[in-house]
2 protein chains.
Amino acid sequence: MSKKITKDRIVEEADKLFYQQGFEHTSFAQIADVVGISRGNFYHHFKSKDDILDAVIVLRLARTHSMLDDWELENSTPTDRIRSFVHILLVNQNKIKRYGCPVGTLTTELTKLNHPAKKHANEIFVLFRTWLRRQFERLGRDDDADALAMQLLAFSQGVATLYSAFQDDQFIHNEISRFERWLMSIKGGTNTPVEAI
Amino acid sequence: MSKKITKDRIVEEADKLFYQQGFEHTSFAQIADVVGISRGNFYHHFKSKDDILDAVIVLRLARTHSMLDDWELENSTPTDRIRSFVHILLVNQNKIKRYGCPVGTLTTELTKLNHPAKKHANEIFVLFRTWLRRQFERLGRDDDADALAMQLLAFSQGVATLYSAFQDDQFIHNEISRFERWLMSIKGGTNTPVEAI
DNA sequence: TCAATATTAGGACAATTGACCTAATATTTC
DNA sequence: GAAATATTAGGTCAATTGTCCTAATATTGA
């Protein structure tokens with residue numbers, strides 16, 4: 001029992017540190033300090049740093065999955081569900097301002113490191129993509145549901161990146177407003193292509 | 001003279017490595033190997049790794065500046081100039097696929113490292129932002145020129161991030177096409193707000 | 001209760017990091 | 001050509017990295 005608690009705490013703290021400082025910049029010593037355990041003790045729970053990364057990704061996958069499930073239940077329409085997705089930008093506004101999007105930044109770092117866990121981390125993106133696609137399909141957008149999902153993912157990534165770079169609160173609210181108008185226009189269900197950026 | 005050549009070569013190779021591997025993941029030893037000089041020799045040209053980073057940023061600022069000047073001369077209309085900007089995604093397609101956008105990824109990394117050079121690196125974004133804003137102003141978009149510039153920057157960042165994550169060639173061409181239609185619609189010069197994402 | 005297992009602390013390890021030093025060698029300048 | 005300067009190579013330095021080991025302590029299960 002206490003094993004599980006310690007192991008979970010390691011993963012939770014590693015999750016935070018990987019997000020705030022990046023994977024490579026976070027050391028065992030740091031995680032051990034935050035968790036309050038001895039360094040050598042680590043290898044009883046994880047056999048390498050990459051193992052911790054894998055566990056962190058599994059944790060993030062589970063959290064994302066349950067978040068998407070919640071959105072599914074909380075909202076009665078696909079439009080409201082899509083809105084929930086974009087509104088993470090507001091819910092996590094302060095964190096994104098400081099550290100960017102946890103999904104995008106981890107994927108980017110692992111890509112540069114040419115890290116074997118890159119594909120694993122990418123599954124978080126896939127989770128969002130699939131979920132968003134389903135919502136657009138429910139809106140009758142069968143032909144371009146996946147393209148719209150990717151479009152929205154790219155939108156959120158771009159906004160998060162620039163928000164973290166410029167720290168401009170006005171900007172993020174502008175973009176959310178623009179998204180709202182876009183969402184209302186798509187809601188009509190006419191299969192007209194959504195042209196603009 | 002030979003000092004300048006060596007110094008420039010260090011900066012150029014560091015520029016490449018910082019882009020491909022990230023700043024922190026790149027070591028002196030690696031740069032020295034690529035340049036073909038002794039490690040200890042470094043500190044005659046730069047007094048610290050942060051100094052090299054500053055020089056790399058200065059190089060990127062200069063290159064960006066001259067690229068924007070070129071676009072200014074090569075194109076006769078603001079619309080064509082804006083198109084040149086988005087078309088970097090195609091010109092540098094393979095690099096972006098592997099390493100993401102050099103501007104966005106560096107800024108993101110320096111943010112997580114809480115690195116003092118973050119503001120300096122951000123000036124590259126400012127360069128693009130100012131240049132794009134001027135193009136939109138010339139299109140008569142005086143009221144929302146800056147917002148459109150930020151919108152376009154966010155678009156390019158989002159596309160680059162997702163392209164690097166999913167490596168999907170179809171996606172990037174879809175987004176470029178969507179941008180083209182958006183650009184044509186904005187060209188009309190009617191001050192109607194550009195709603196969609 | 002007692003043996004088996006799980007968990008811990010603390011230290012050692014080789015390798016790598018950025019930083020710095022010195023002495024030798026080129027190059028420039030007069 | 002000689003003095004001054006610029007540039008180089010090679011080595012050292014302490015600190016940190018991820019990894020691993022061992023011995024002591026908790027916990028569990030029969």
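Because the structure is predicted, anything quoted here is derived from the model rather than measured. Chain naming here is simple, since letters A, B, ... match the order of the sequence lines and numbering starts at 1 in each.
- For B:Tyr43, counting side-chain heavy atoms from C-beta on, the closest listed nucleotide (D:dT17, C:dC20, C:dA9) is C:dC20.
- Looking only at distances, a side-chain donor or acceptor of A:Arg9 sits under 3.5 Å from a matching main-chain atom of A:Val35.
- As a whole-Å value, the separation of B:Phe42 CZ from D:dA9 C1' is 13 Å.
- Contact between the side-chain N/O atoms of B:His45 and the OP1/OP2 oxygens of D:dT8 is found at a separation under 4.0 Å.
- Residue B:Asp51 contributes atom CG, which lies 13 Å from atom C1' of C:dA19 at whole-angstrom precision.
- At whole-Å resolution of the value, NZ in B:Lys47 and C1' in C:dC21 are 18 Å apart.
- What separates CD1 of B:Ile37 from C1' of D:dG11 is a distance of 16 Å, to the nearest Å.
- At C:dT8, none of the side-chain N or O atoms of A:Ser38 fall inside 4.0 Å of OP1 or OP2 (strictly under the cut-off).
- By the 4.0 Å N-to-carboxylate-O rule, A:Glu74 lies too far from A:Arg83 to be salt-bridged with it.
- Here the side chains of B:Gln30 and B:Asp33 are not in contact, with every heavy-atom distance at 4.5 Å or above.
- As a whole-Å value, the separation of B:Glu24 CD from C:dG18 C1' is 12 Å.
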(message) Pair A:Phe46, A:Phe28 - check ring-ring contact (aromatic ring centres under 6.0 Å, His included), show working.
(response) CA-CA 11 Å; A:Phe46 302 96; A:Phe28 276 91; 9.1 Å; no
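- The nucleotide whose nearest atom lies closest to any side-chain atom of B:Asn41 is, among D:dT8, D:dT17, D:dG18, D:dT8.
- Which of C:dA9, D:dT17, C:dA19 sits closest to the side chain of B:Phe28 comes down to C:dA19.
- Between the C1' atom of C:dG10 and the NE2 atom of A:His44 lies a distance of 16 Å, rounded to the nearest Å.
- Across D:dG18, D:dA9, C:dG18, the shortest atom-to-atom separation from the side chain of A:Ser27 is found for D:dG18.
- Between A:Phe23 and A:His115, the ring planes are perpendicular. Angles over 60° get that label, and only those under 30° would be called parallel.
- Across the protein-nucleic acid pair, A:Ile5 atom CD1 and C:dA6 atom C1' stand 14 Å apart, rounded to whole Å.
- Considering only side-chain N and O atoms, A:Thr6 lies under 4.0 angstrom from the phosphate OP1 or OP2 of C:dT8.
- Summarising the geometry, the separation between NZ on B:Lys7 and P on D:dT8 is reported as 12 Å, rounded to the nearest angstrom.
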